[in-house]
Each structure stands twice: as C-alpha cells, then as structure tokens.
Amino acid sequence: MTASLQSTDPIKPPTAWHRLHTHWEGGEEKVRQGLPHSQLSPAWQILLLGDGSPTRHLQLLTTEPTEVDVIDMSPVGMDRDGAPDAIELVPGPRLRRQVWLKTASGQRLAYAASWWEASHVDEYLQNRSLPIWASLARLRTELYRDVQGLYYGESKALELAFGEKGPFWGRHYLFWHHGKPLTLIYEVFSPYLTRYLGPMKREE
C-alpha cells in the first residue's frame with residue numbers, strides 16, 4: 001500500500017484523490033432510467049442509484065457497524081480539484097475530505113471524497129470520525145441526496161486499498177439542505193460487496 005493511502009498526518013495529507021479512470025460514464029438520465037441488468041445487476045443498482053444512506057446499507061449488508069477512517073482533510077480553495085462539474089455549486093473556499101468506509105472488523109467497503117464549504121464544515125461534521133449521514137442525523141438535518149453521475153473504471157490505488165481487482169463502480173451526488181447544495185460526494189464501492197449483493201452484472 002502506498003504512503004498516501006495510509007497517511008493520517010494533518011500536516012501532510014494526500015495531495016490527490018482517487019477518481020476512477022473510466023471505461024463508461026452515465027449522467028442524470030441514466031440515473032433516472034436505470035441500467036440494463038446485463039450492465040449492472042438489480043441489487044447493485046439499488047446501492048448505486050438509490051437515495052438512501054450508503055453507510056446504513058453497508059451496515060445492513062454486513063451486520064457490522066460502518067466505521068469511517070478519515071485519511072484527508074485538505075483545503076482546496078476555489079480550485080476545481082478534478083471533481084465533477086457539480087463542485088461549482090458548492091460555495092468556496094472549499095475543503096476536501098477523503099475517507100474509507102469499513103466494517104468494525106476492518107474490511108474496507110467503499111471510498112469517498114467530499115467537498116465542503118470550508119467555513120461550515122465544522123458545523124456539520126462535529127465528530128469527523130462519524131459517517132456523514134450519522135453526523136447530519138444527529139443534527140436532525142433534513143437532506144436530499146441527488147445522485148447525478150455513475151462511473152465504471154479503474155484505479156490502481158483503490159485496487160491496493162481494497163485488496164480487490166477492478167474495474168469498480170462509483171457515483172457522485174449532491175446533498176441539498178434548505179434548497180442549497182451542502183456538499184458534493186464521490187463514492188467508489190469495493191467488489192468485496194459481491195459477497196452480499198451477488199455479481200455486479202447479470203450474465204445473459
């Protein structure tokens with residue numbers, strides 16, 4: 001595993017985030033319509049295209065609490081940071097947060113990068129070791145999860161971190177609060193989840 005994947009030093013955070021090198025991408029129309037089951041199985045579509053909490057879904061699948069390993073909290077200012085175009089909707093200057101979502105026993109299940117208005121991140125992430133959904137639920141924050149994009153692609157760093165071969169499925173979405181975008185989140189799920197969800201695609 002590379003040093004950047006392991007770093008938790010706030011002075012020397014990872015300088016990049018793990019965007020997939022995509023074989024295929026789909027926008028909001030694909031999100032609304034869903035994909036052929038030969039491309040993505042029904043169970044995986046519920047995980048990727050649903051508007052529920054992924055940390056809650058992962059806990060239900062594995063029967064273990066979903067924990068967060070924060071590996072990066074980096075100020076990125078007004079930089080686009082290679083993020084999806086929706087980053088323009090998140091007010092700046094911005095802060096980028098990267099985490100692993102894992103079981104209590106340590107199995108990494110997903111990777112997430114998120115971008116927040118730097119001046120408000122402490123308001124919403126009072127305990128930064130909690131999953132975002134748990135933090136916001138404690139504040140009784142009403143949210144709308146707006147899934148906007150799907151990705152299917154490769155990442156050597158994620159192969160090392162997950163201990164699983166790619167390609168991987170990912171997505172990005174906005175959290176809306178009081179009609180305004182609160183944060184942009186980019187998530188990639190480990191193929192380890194095939195143990196619970198079955199194959200990623202249905203063979204014809």
ask   = With a 6.0 Å cut-off on ring centres, are Phe189 and Trp169 close enough?
value = no
query = Ile46 and Leu49: same hydrophobic cluster, using ILVMFWY side-chain contacts below 4.5 Å?
reply = no
query = Under the 3.5 angstrom rule, does the side chain of Glu64 hit a backbone N or O of Ser105 as a donor-acceptor pair?
reply = yes
request  = Please say whether the positively charged group of Arg94, taken as NZ for Lys or CZ for Arg, lies over the ring of Trp115, i.e. under 6.0 angstrom from the six-membered ring centre and within 45 degrees of the axis.
outcome  = no
inquiry  = I need the Glu164 CD to Ser190 OG distance, nearest 0.5 Å.
reply    = 4.5 Å
message = Strictly distance-based, threshold 3.5 Å: is any side-chain N or O of Glu159 a donor or acceptor partner for the main-chain N or O of Gly166?
response = yes
remark   = Tightest non-hydrogen contact, residues His23 and Pro167, listed as CD2-CB, 4.0 Å
inquiry  = Looking at Arg19 and Glu187, is there a salt bridge between them, counting it only when a charged N and a carboxylate O are closer than 4.0 Å?
reply    = no
message = Which label fits Tyr186 and Trp17: parallel for a plane angle under 30°, tilted from 30 to 60°, or perpendicular past 60°?
response = perpendicular
request  = Going by the side-chain contact (heavy atoms from CB on, under 4.5 Å) test, name the single residue among Val147, Asp51, Thr183, Leu184 that passes it with Tyr173.
outcome  = Val147
Check: Ser41 side chain, His37 main-chain N or O, donor-acceptor pair, under 3.5 Å = no
note = With Phe162 as partner, the option from Tyr111, Tyr192, Phe168 fulfilling ring-ring contact (aromatic ring centres under 6.0 Å, His included) is Phe168
task = Inspect the contact between Glu25 and Lys30 and indicate whether a charged nitrogen and a carboxylate oxygen are less than 4.0 angstrom apart.
result = no
query = Given the rule that I, L, V, M, F, W and Y join up when any side-chain heavy atoms are under 4.5 Å apart, are Trp24 and Met200 in one cluster?
reply = yes
ask   = Any Lys/Arg nitrogen of Arg97 or Asp72 sitting under 4.0 Å from an Asp/Glu carboxylate oxygen of the other?
value = no
